[in-house]
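Here's the structure, in structure tokens; my notes come after.
So you know, we letter chains A, B, ... as the sequences are listed, proteins then strands, and number each from 1.
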Amino acid sequence: MSKGLTSRSEDYSQWYNELVAKADLAEHSAVRGCMVIKPYGYSIWEKMQAVLDQKFKETGHSNAYFPLFIPKSFFSKEASHVDGFATECAVVTHYRLKNDGNGNIIVDEDAKLEEELIVRPTSETIIWNTYKGWIQSYRDLPILVNQWANVVRWEMRTRLFLRTAEFLWQEGHTAHATAEEAIAETEQMLDVYADFAENWMALPVVKGKKTANERFAGALDTYCIEALMQDGKALQAGTSHFLGQNFAKAFDVKFTSKEGKQEFVWATSWGVSTRLMGALIMAHSDDSGLVLPPKLAPIQVVIVPIYKGEEELSKISEAVDVIIKDLKKKGISVKYDDRDTQRPGFKFAEYELKGVPVRLAMGGRDLENNTVELARRDTKTKETVSRDGIADRIELLLEEIQQSIYHKALQFRTENTKKVDSYDDFKKALDETPGFIAAHWDGTSETEAKIKEETKATIRCIPLNNEQEEGVCMVTGKPSSQRVLFARAY
RNA sequence: CGGGGUGUAGCGUAGCCCGGUAUCGCGCCACAUUUGGGAUGUGGAGGUCGUAGGUUCGAAUCCUGCCACCCCGACCA
């Protein structure tokens with residue numbers, strides 16, 4: 001591991017790339033656009049999965065699994081859906097290879113599929129084709145299913161975690177008897193995502209609705225949570241879609257109502273992906289490396305012994321054992337790094353890079369004084385404290401760190417959210433102080449497109465429960481009843 | 001996919017213009033001394049120069065194709 005990290009101010013993109021690599025989160029694979037998620041990175045993802053999975057189950061959902069491959073014809077059934085995904089699909093056309101006689105393995109042209117298979121970019125079509133067989137009566141509803149899966153979107157330009165050709169995610173797909181129920185489900189899941197982002201990832205998010213331009217292909221309404229990264233760019237961290245009856249109509253999924261009428265089923269879908277890893281990294285980390293919220297850190301506490309000789313090490317280890325037992329009793333994950341192949345300073349730097357929230361160091365002095373050095377990753381402060389009640393102290397500290405990094409991120413977002421009233425000020429703000437910009441907009445797709453064309457900023461969302469305020473569109477001067485949130489985005 | 005750039009040991013690089021089998025640093029291995037913020041010394045290992053062709057007596061170096069990555073656009077979770 002080489003020393004140092006490019007600083008954020010020097011080159012934010014490079015800082016991010018180096019951090020992902022040096023903190024052992026992920027690396028590029030031999031496959032275009034696809035990453036290898038390394039064990040440390042994957043363990044963070046697993047923590048996220050575990051929390052989300054529990055939340056899905058608490059809200060009545062069950063997990064299921066649908067095929068990786070989707071017959072091409074399924075895609076043509078929902079017109080706007082195919083438009084949205086057609087340009088980024090991986091397609092399977094053959095099912096066999098052969099030896100060409102010169103020692104080369106080639107595709108066997110005789111093994112062409114009758115119908116091509118699409119590697120799923122999202123699963124609405126295969127799932128709604130399946131739901132057709134599951135739903136006859138209102139008694140069969142609702143269906144509340146989630147799937148943990150990989151999907152493929154053949155992106156032109158990729159970045160580790162933020163945009164890869166293959167990514168891991170969960171996609172919930174629910175079926176309801178009424179529009180009201182489906183909308184309530186869409187909103188409920190948005191709340192689940194927001195709660196997860198804020199209380200687990202320590203990432204403040206704005207809940208809102210997408211404009212028509214930014215809506216999911218096939219949705220009537222797309223709700224989202226939007227977060228602000230340290231470089232002032234926005235990141236869509238999760239989406240929840242109200243799909244109306246679009247997919248039910250496309251796949252002819254009807255049910256008999258209480259009144260004996262045939263009606264189309266109402267649908268939702270919602271998802272978050274390994275992109276959340278990117279959000280987590282960019283939201284909190286600093287020029288020394290990753291900063292992880294304690295609730296998602298695979299290792300919450302690391303203990304480093306500082307010793308001269310094996311005898312001293314064994315005495316320290318004895319004292320450390322007591323602390324480890326107390327921490328484990330509280331369900332705190334702790335690692336004791338007594339490797340004698342690395343020196344303490346090296347270990348300090350390494351665990352800072354990996355974002356371990358709390359570090360204890362114990363040496364000969366501490367042994368004598370019944371103390372330990374307690375360091376917190378987020379503020380990089382350290383103090384020597386008594387070992388009495390250390391586990392309680394750490395338990396509180398972890399909670400404090402969780403709160404502290406949330407508030408730091410929230411303060412950053414507050415400072416970088418500006419109200420702007422003229423288009424000139426808007427452009428100036430984008431270039432000089434990037435962040436969220438709340439501005440009036442006339443509500444038309446044309447104006448939105450013009451702003452995007454000219455400034456590369458998009459409407460991230462129309463915040464839910466948005467403050468109503470009379471004003472005029474900053475571009476066209478037409479009347480507007482509320483401000484919407486703009487930003488340049490990932 | 002369009003424009004620009006890069007690819008030499010695990011990582012970062014020199015050499016390329018002007019062709020003759022590769023430089024340096026970090027890391028790695030062994031031993032010794034070390035250990036309260038990325039140790040030091042001595043010795044050692046590690047390379048089909050991204051890849052496939054071409055030119056040439058000879059290619060890291062010149063030419064062509066392909067692949068990957070980075071930056072800027074378009075697209076996107």
Quick check: on RNA chain B, is the nucleotide nearest A:R163 upstream (toward 5') of the one nearest A:E373, or the reverse? Name the residue that is more 5'.
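This one resolves to A:E373.
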Of A:P344 and A:T164, the one whose nearest nucleotide on RNA chain B sits closer to the 5' end is A:P344
Between CZ of A:R376 and C1' of B:G37 the distance, given in whole Å, is 19 Å
Side-chain donor/acceptor of [X] to base of [N], under 3.5 Å:
{"X": "A:E350", "N": "B:G37", "value": "no"}
{"X": "A:K382", "N": "B:G37", "value": "yes"}
{"X": "A:R359", "N": "B:G37", "value": "yes"}

Open item on the list: So that I can compare with my own list, what are the stems of RNA chain B, taken as at least three consecutive Watson-Crick or G-U pairs with distances under 3.5 Å?
Closed with: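 B:1-7 with B:67-73, B:10-12 with B:24-26, B:28-33 with B:39-44, B:50-54 with B:62-66 - these are the stems of 3 or more pairs that involve RNA chain B.
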I'd like the [atom1] distance from [M] over to [N], given in whole Å.
{"N": "B:A14", "M": "B:G7", "atom1": "P", "result": "8 Å"}
{"N": "B:A9", "M": "B:A22", "atom1": "C1'", "result": "11 Å"}
{"N": "B:C49", "M": "B:U33", "atom1": "C1'", "result": "38 Å"}
{"N": "B:G15", "M": "B:G4", "atom1": "C1'", "result": "24 Å"}
{"N": "B:A59", "M": "B:C67", "atom1": "P", "result": "26 Å"}
{"N": "B:U21", "M": "B:G3", "atom1": "P", "result": "38 Å"}

Item to complete: Decide whether a cation-pi geometry holds between A:K77 and A:F74; the criteria are a distance under 6.0 Å from NZ or CZ to the six-membered ring centre and an angle within 45° of the ring axis.
Response: yes
Between A:F348 and A:R359, is there a cation-pi geometry (under 6.0 Å to ring centre, at most 45° from the normal)?
->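 Yes.
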Is [X] touching bases, backbone alone, or none of the nucleic acid, heavy atoms closer than 4.0 Å?
{"X": "A:T239", "answer": "nothing"}
{"X": "A:F216", "answer": "nothing"}
{"X": "A:K380", "answer": "nothing"}
{"X": "A:G278", "answer": "nothing"}
{"X": "A:T87", "answer": "nothing"}

With the side chain of [X] defined as its heavy atoms from C-beta on, choose the nearest nucleotide among [options].
{"X": "A:S13", "options": "B:C71, B:U35, B:C69", "result": "B:C71"}
{"X": "A:H28", "options": "B:G73, B:C70, B:U35", "result": "B:C70"}
{"X": "A:R32", "options": "B:C75, B:A68, B:G38", "result": "B:A68"}

Would you please confirm or rule out a distance under 4.0 Å between OP1 or OP2 of B:G36 and any side-chain N or O of A:R343? yes
A:K452 side chain near B:C75 phosphate (N/O to OP1/OP2, under 4.0 Å):
yes
- Message: For A:R393, is there an ion pair with A:E400 - N to carboxylate O distance below 4.0 angstrom?
- Response: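 Judged by the 4.0 Å cut-off on N to carboxylate O distance, A:E400 and A:R393 do not form a salt bridge.
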**Report entry** Basic-acidic side-chain contact under 4.0 Å: A:K335, A:E350
**Finding:** no
For A:F348 and B:G38, say yes or no: do the ring centres fall under 5.5 Å of each other while the ring planes differ by less than 30°? no
Establish, yes or no, whether a centroid distance under 6.0 Å links the rings of A:H61 and A:W270.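 Distance test on ring centres: under 6.0 Å, yes.
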Quiz item: Do A:F85 and A:F216 have ring centres separated by under 6.0 Å?
Solution: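 When the ring centroids of A:F85 and A:F216 are compared, they turn out to be within the sub-6.0 Å range.
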With syn defined as a glycosidic angle within 90 degrees of 0 and anti as anything else, the base of B:U64 is anti
Using every non-hydrogen atom in the two residues, find where A:K57 and A:D53 come nearest and quote the distance to one decimal.
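The answer is NZ-OD2, 2.5 Å.
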Knowing that exactly one of A:L398, A:D378, A:L280, A:L203 qualifies, which makes a side chain to side chain contact (heavy atoms under 4.5 Å, CB included) with A:P293?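 Of the listed options, the one satisfying the test is A:L280.
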